[in-house]
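Only one structure is covered here, and it is reproduced in the block below.
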Number of protein chains: 2
Amino acid sequence: MTVNKSDREAQPHRQTASAEILAIALAQFATAGFAGTSLQQIADAAGYSKSSVLYHFTSKDALLEAAIGPAVDRLEHVLGGVARLRESSEARELFVEEFIDFLFEYRLEVHTFINQGQSLVGIPVIDRANAVLGRLAATFAADSTTVEEKLRFGVALGGAAYELVASMNFGDQELAHDERRSALITIVSELLAPIQTRPLTA
Amino acid sequence: MTVNKSDREAQPHRQTASAEILAIALAQFATAGFAGTSLQQIADAAGYSKSSVLYHFTSKDALLEAAIGPAVDRLEHVLGGVARLRESSEARELFVEEFIDFLFEYRLEVHTFINQGQSLVGIPVIDRANAVLGRLAATFAADSTTVEEKLRFGVALGGAAYELVASMNFGDQELAHDERRSALITIVSELLAPIQTRPLTA
DNA sequence: ACGCTAACTGACCGATCGGTCAGAACCTGA
DNA sequence: TCAGGTTCTGACCGATCGGTCAGTTAGCGT
C-alpha cells in the first residue's frame, strides 16, 4: 500500500524533520546555551544523525537564525507600537498586553537572545535582536530624566523574561497560562506606570 | 637586592596570579557563558598559558567553584534574614537593601548562576546555588495564595540581576553606583510590597 | 521498470576542547 | 653556591567540536 503525504501530517508529534530539529535545537539553545549545545546533542535528541541536521540547516549559525529569527521579526513589529505608550493609558495597557503575549509565545527565543545576546555578537540574527532591544530601551530612556525610570524598563524586561523560563524549576510548576498572563500584565504595568504618567516633553 | 613580598602586593593591577586568572574567568563566564568560555581564552586574556591556569585551579569546574562559590556563601547568609520580611516594614526595607547590596557586590557571580544554573546542574557549586535560590523562592511562595505574588519575586530577582549586568550595553553607560542602588531598592521594594503587607498566616 | 530528486547517513577532516606530565625558570633560605 | 620548593610552560593525549562529501535509501512521476 502506498502511503500518502497526509500520513505524515496526521501524526501530531511527527512533523517535518526540519520543524522537529528546529524545536529541539531551540529548547537546547535556551536552556544549555548556544555554545553549550553541540550539533551532536541536537541530532541525538531529535533522532537523526548530525549530518541530517546539517542537511536541513546549512550551519549551526543558520540553525540559530531559523530558531530565533521569527521572534526577532515579531519583536520588531511589536516595537512599532511602542509610540502608543505615551498616548493614553488604554493604549498603553494594550501595548503591555501585546508585549506580554509576545513574551509568552516566544519565551524560549526571547530567553535565548536576552541572556546570550552579548556573547553571540557577530551572528547576524543576534545583532538584529540586540539592535531591536537597544531601540526599545532607548525609547524608554529617551527623555527619562531619572535613573529610576531607565531602570524600570530593564527590570520589567529582564524580570518577565526570566520568570517565563528560568524560574519554573523551584516548584513553581506549570501554572495556568491565563493566570500567569494577567498577573504578569499587572506587574509589568505597575512597573512601567511612572514612565507613562508623565506627558510627552521635549 | 632582594625583593620583599610587599613588592607584589604594592602593584594594584598585578595581584597574585590566582586572583588575576579568577577575575578574568569570572568575567568571561558571566558574559560568554561557562560552556562558551575555553581555558585557552581565559589563559590568553590573563597573559598566562593554559597549563598555568590548570596549575592554579585543578579543573575548569574548580575554577567555576572558586569564581562563584563566595557569592553562594554570601547568598546563603543573606537568606538567613529573609524571615524578617514579615516582621515590620523597617525590617523588610533592611532586607531588601541588604539583598540589593549583595547583587551589586556579586553581580557577575549572580548573573552567572542565575542564567546558567539550569544548564550546569551536576557541578556542586551550581547545585548549591540552585538549592539556595529554590529555598529563597519557596520562602516567598510559601503561603502566597495568588499566582501574582509568586511571580513578583521572580520578576524582582530576574529583573534586578538582568539590569545589573546585561542591560548596560544599550547606551545605559555606567551610571552612578549610589543612584542605581537607591533606584533599584525603590523598584524592588515596590515589587515586593504586596507580599509583605499580608500578615503571617497558617 | 526506470530515472530523478529529496532525505538521510557514515566516514572523515582540521581545529579545538579539557586535562596530564615532565621539565624549565625562578625565588628563597641555608 | 647550592638544594628545594613554587610557579610556569610546551608537548602531548583522547575526545569532541563544526563542517564536508560521497554514497545509500526511499518515494514519485513516467
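Numbered from 1 within each chain, the chains take letters A, B, ... in sequence-line order. Keep in mind that this is a model prediction, so the values were computed, not measured.
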Without placing hydrogens or testing angles, list every side-chain donor-acceptor pair under 3.5 Å for residues 74-82 of chain A, not counting sequence neighbours.
unit_1   : atom_1 : unit_2    : atom_2 : d
Arg74(A) : NH1    : Glu105(A) : OE1    : 2.8

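Taking 4.0 angstrom as the limit, Ser52(A) places none of its side-chain polar atoms (N or O) nearer than this to OP1 or OP2 of dA7(C). Residue His56(B) has a polar side-chain atom (N or O) positioned under 4.0 Å from OP1 or OP2 of dC8(D). Remark: Ser49(A) is in phosphate contact with dT9(C), judged by side-chain N or O atoms under 4.0 Å from OP1 or OP2. For the OP1/OP2 pair of dC8(D) and a distance below 4.0 Å, the side-chain nitrogens and oxygens of Tyr55(B) include no atom meeting the criterion.
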Can you pull every protein N or O that's under 3.5 Å from an N or O on nucleotides 14-18 of chain C?
unit_1  : atom_1 : unit_2   : atom_2 : d
dC17(C) : OP1    : Ser38(B) : OG     : 2.9
dG18(C) : OP1    : Thr37(B) : O      : 3.4
dG18(C) : OP1    : Lys60(B) : NZ     : 2.8
dG18(C) : OP2    : Leu39(B) : N      : 2.9
dG18(C) : N7     : Lys50(B) : NZ     : 3.0
dG18(C) : O6     : Lys50(B) : NZ     : 3.4

Restricting both atoms to N or O, compile the protein contacts to nucleotides 21-24 of chain D shorter than 3.5 Å, with distance only.
none

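Qualifying salt bridge (charged side-chain N to carboxylate O under 4.0 Å, His left out) partners for Asp73(B), counting only residues two or more places apart in sequence or in other chains: Arg128(B). Scanning for ring pair (Phe, Tyr, Trp, His ring centres under 6.0 Å) contacts around Tyr106(B) gives Phe102(B), with sequence neighbours left out. For Phe57(A), there are no ring pair (Phe, Tyr, Trp, His ring centres under 6.0 Å) partners, not counting sequence neighbours.
Contact check for Phe29(A) versus Ile68(A): no side-chain heavy atoms found under the 4.5 Å cut-off. Leu133(B) places a side-chain heavy atom less than 4.5 Å from the side chain of Ile114(B).
Rounded to an integer number of Å, the gap from CD1 of Ile21(A) to C1' of dC8(C) is 10 Å. If you take CZ of Phe57(A) and C1' of dA7(C), they are 14 Å apart, rounded to a whole angstrom.
Counting all heavy atoms, side chain and backbone alike, Leu192(B) lies closest to Arg92(B) at C-NH2, 3.9 Å. The two atoms that bring Val125(A) and Glu65(A) nearest to each other are CB-OE1, 3.2 Å, heavy atoms only.
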